[in-house]
2 protein chains.
Amino acid sequence: MGVIVQKYGGSSLADVEKIMRVANRIVDTKKEGNKVVAIVSAMGDTTDSLIELASGITEYPPKREMDRLLSTGEQISMSLLAMAIQSLGENAVSLTGPQAGIITDSSHSKAKIVRVMSNRLQKELEGDNIIIVAGFQGETEFHDIATLGRGGSDTSAVSIAAALDADLCEIFTDVDGVYSCDPRIVENAKKLEAVSYDEMLELSILGAKVLQSRAVEVAKTHDVEIHVRSSFNHNIGTIVKGEVSSMEHDGLITGIAHDFDVAKVVIFGVPDTPGTAAKILKALADANINIQMIVQSAQSGNINDIAFTCSTGDAKEAASILQEIANNIGAKAVVINEDIAKVSVVGAGMMTHSNIASRMFNTLGENNINIDLISTSEITISVTVGLEECKLAVKALADEFDLIYK
Amino acid sequence: MGVIVQKYGGSSLADVEKIMRVANRIVDTKKEGNKVVAIVSAMGDTTDSLIELASGITEYPPKREMDRLLSTGEQISMSLLAMAIQSLGENAVSLTGPQAGIITDSSHSKAKIVRVMSNRLQKELEGDNIIIVAGFQGETEFHDIATLGRGGSDTSAVSIAAALDADLCEIFTDVDGVYSCDPRIVENAKKLEAVSYDEMLELSILGAKVLQSRAVEVAKTHDVEIHVRSSFNHNIGTIVKGEVSSMEHDGLITGIAHDFDVAKVVIFGVPDTPGTAAKILKALADANINIQMIVQSAQSGNINDIAFTCSTGDAKEAASILQEIANNIGAKAVVINEDIAKVSVVGAGMMTHSNIASRMFNTLGENNINIDLISTSEITISVTVGLEECKLAVKALADEFDLIYK
């Protein structure tokens with residue numbers, strides 16, 4: 001007898017029939033002798049419909065009210081699912097985020113969970129109830145509802161699993177698990193049996209959007225084992241956990257991530273004086289622009305070029321901030337390139353194997369793919385390539401690192 | 001500078017355009033120097049759509065979950081209205097029933113407001129915010145949402161007006177006020193300038209469904225003056241208050257109410273022994289059957305007939321309960337008649353004028369309308385007539401008592 005936390009996404013709850021299917025699955029889990037807490041997203045495209053309603057009222061909806069509006073989506077699906085479970089003869093109770101004791105900070109629309117006060121959850125579990133919790137939401141210290149950002153239900157589920165010291169946290173989605181690379185690009189991409197938190201973070205930040213990164217961070221902090229699997233079948237999916245043994249990995253490399261939403265900004269001819277790079281980075285941070293890869297290259301003597309990547313949406317603002325700095329410090333020019341993509345090779349195995357980078361660059365070279373920026377972390381090597389060469393790069397690397405079922 | 005509580009019904013908030021119109025009206029009220037609290041119902045037919053969703057899941061949705069589901073309707077309209085007001089440049093904050101401090105008992109789907117803890121409302125008003133409150137809902141002592149029954153937003157509004165000691169409580173609806181009789185039956189029915197709480201209770205219980213009766217009861221208890229008016233124009237509507245001067249009434253009779261949803265149940269040949277009537281009434285009360293008119297008539301010596309009316313939906317259950325009692329006490333028969341309607345003449349004036357009943361019966365007689373049961377209260381005379389004669393009865397009485405613009 002264990003405590004199992006399950007999370008069902010909106011596509012798994014899109015209509016009455018699918019809600020009944022989820023209800024049956026939850027009841028089965030209960031009948032296997034478990035206590036079950038299920039976290040739900042809004043049905044199908046409810047959230048989009050609510051956003052559309054708000055945009056009919058005002059172009060810039062205030063965030064507190066927007067959170068209040070959007071949070072109703074999960075509350076509708078939670079009530080319906082609780083009804084469905086009761087119609088199958090099991091006790092069920094639905095709880096909103098605030099009722100489930102999810103306390104957040106006050107950053108409406110992207111709130112962070114501060115803690116989970118689990119008394120009510122514990123009480124309902126002791127009363128032999130299946131609990132359905134509205135995901136994506138919590139309560140601020142001002143007793144207002146705040147939402148956790150898109151995909152926030154994953155974080156709700158993992159945080160509740162941590163608070164209840166659950167035996168398992170299952171994230172149900174519309175794919176069979178985490179793939180080593182995007183199956184829409186690489187035919188027969190291997191599904192991963194297991195992946196470590198750190199690898200998952202790299203894969204999810206870099207573009208494989210199966211699990212919200214914050215959910216993985218919370219899971220890592222509290223050592224919550226996550227099982228990502230499909231709600232449409234009973235196949236084993238992918239386990240996300242702290243340490244993955246070599247038995248569970250086929251090769252050195254866990255996955256290939258790619259990101260089309262990336263632009264390069266270069267500031268040319270920066271005088272090489274101490275503090276210049278810091279000044280540039282601070283100006284961007286002050287504007288809330290998240291930068292990713294940073295490369296500084298010596299052009300000649302005391303002049304450098306500084307290049308970095310950011311999301312395409314931030315590129316123009318970043319460039320205009322840099323142009324001002326460039327004028328002040330006497331740099332030559334600021335140039336944007338939006339026709340690029342980022343491709344990353346991710347794997348804990350590379351910590352003990354030194355030839356990954358050379359195999360990667362060699363493979364890209366053999367395919368006539370030009371590498372622009374390069375950056376590395378302990379378990380990742382990322383490069384930027386031309387936008388049009390991205391898919392070829394992913395395919396070639398998946399082949400090289402044995403990530404395809406053959 | 002006063003505190004004004006306004007309530008807007010679902011038809012006044014049916015789409016984005018109407019929400020903007022309501023927002024403008026609220027902002028105008030604020031700019032006239034008032035503090036404003038607006039209570040809202042769910043947009044248009046949202047509640048019906050949610051009920052339909054639930055009925056797709058299960059035939060008998062559990063009430064707690066149903067309340068949770070339905071309460072999202074008001075929360076959507078409240079958020080959108082708060083956004084709309086902010087887009088017009090005024091501060092606004094939306095509050096759910098629980099956030100507004102509306103505490104109810106635990107009778108899910110027909111909860112009663114126990115009290116209003118007005119601290120948060122007071123705080124937001126002091127912060128110069130327009131407050132938008134989700135009507136129809138409150139919080140039980142178990143921290144669950146409970147709804148107040150159809151039309152419950154009226155009660156939310158009046159209760160909040162009482163708690164804030166508001167200067168005025170405006171109920172906005174899609175008609176111009178309270179009419180002396182149903183305008184769909186009587187052409188040129190007079191609109192009432194003012195009506196007392198007691199008269200309004202008789203009119204609303206008896207079928208003129210403009211204001212939820214519980215809202216009127218709360219208004220009466222706390223002496224809250226209500227202004228029922230249209231949200232689609234700026235006409236003066238109808239004032240509901242404690243004492244209405246004769247200046248404000250055109251005639252002796254305030255209105256004619258009618259009710260099609262009524263059935264008569266008669267138990268014939270009841271032995272006239274003490275406690276028999278009480279036994280019958282208790283059995284019906286135990287089954288939660290609300291009975292209205294009760295008439296006992298002596299048939300002969302020690303045998304009575306007892307007749308009463310109840311809603312059509314309760315008639316069959318009432319009859320079967322009575323049949324059992326009839327068998328026990330040796331009564332002759334139980335008969336149902338569903339082809340009747342109730343017509344009532346309502347007016348505080350009849351307390352001082354004795355000829356109302358005779359004028360009423362005379363008018364019905366002149367129109368060949370047969371009167372069946374009769375019951376009276378201090379300000380009401382009710383009769384049952386054949387279902388098909390009801391409309392004629394209302395028209396004739398409206399004419400007799402001068403309730404038509406001529």
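Note that this is a predicted model, so its numbers are computed, not measured. Naming: A, B, ... by sequence-line order, numbering from 1 per chain. Scope of the values below: all heavy atoms of this structure, side chains included, with no hydrogens, waters or symmetry mates.
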Item checked: chain B interface, residue from A/Ile132, A/Leu80, A/Leu70 that has the most non-hydrogen pairs under 4.5 Å -> A/Leu80

Check: Who wins among A/Ile145, A/Ile76, A/Leu81, A/Thr58 for the most heavy-atom pairs under 4.5 Å with chain B?
Finding: A/Ile76

Next item on the list: Quick one: which of B/Arg120, B/Glu17, B/Glu59 has the most heavy-atom pairs under 4.5 Å with chain A, could you say?
Entry: B/Arg120

Margin query: Tell me which of these, B/Pro62, B/Ser77, B/Ser94, has more heavy-atom pairs under 4.5 Å with chain A than the rest.
Written below: B/Ser94

So for [X], is it side chain, backbone, both, or neither that comes closer than 4.5 Å to the heavy atoms of chain B?
{"X": "A/Asp67", "value": "neither"}
{"X": "A/Met20", "value": "side chain"}
{"X": "A/Ala23", "value": "neither"}
{"X": "A/Leu50", "value": "side chain"}
{"X": "A/Ile19", "value": "side chain"}
{"X": "A/Thr96", "value": "side chain"}

Margin query: Taking the side chain as everything from C-beta on, heavy atoms only, tell me whether A/Leu69 gets closer than 4.5 Å to B/Gln75.
Written below: no

Next item on the list: Answer whether the closest heavy-atom distance between the side chains of B/Met83 and A/Arg64 falls below 4.5 Å.
Entry: no

Checklist line | Side-chain donor/acceptor of B/Gln99 to backbone N/O of A/His143, under 3.5 Å | finding: yes

Next item on the list: Give a yes or no on whether the backbone of B/Val93 and the side-chain of A/Glu65 come within a donor-acceptor separation of less than 3.5 Å.
Entry: no

Margin query: Would you say CG of A/Asn288 has more than 12 non-hydrogen atoms from neighbouring residues, nucleotides or ligands within 6.0 angstrom?
Written below: no

Notebook entry, point to check: Any chance CD of B/Glu52 has more than 12 other-residue heavy atoms, nucleotides or ligands included, within less than 6.0 Å?
Noted result: no

Next item on the list: Could you pull out the closest heavy-atom pair between A/Val16 and B/Gly56, with the gap in Å?
Entry: CG1-O, 3.3 Å

Next item on the list: Can you tell which part of B/Asp15 gets under 4.5 Å to a heavy atom of chain A, answering side chain, backbone, both or neither?
Entry: neither

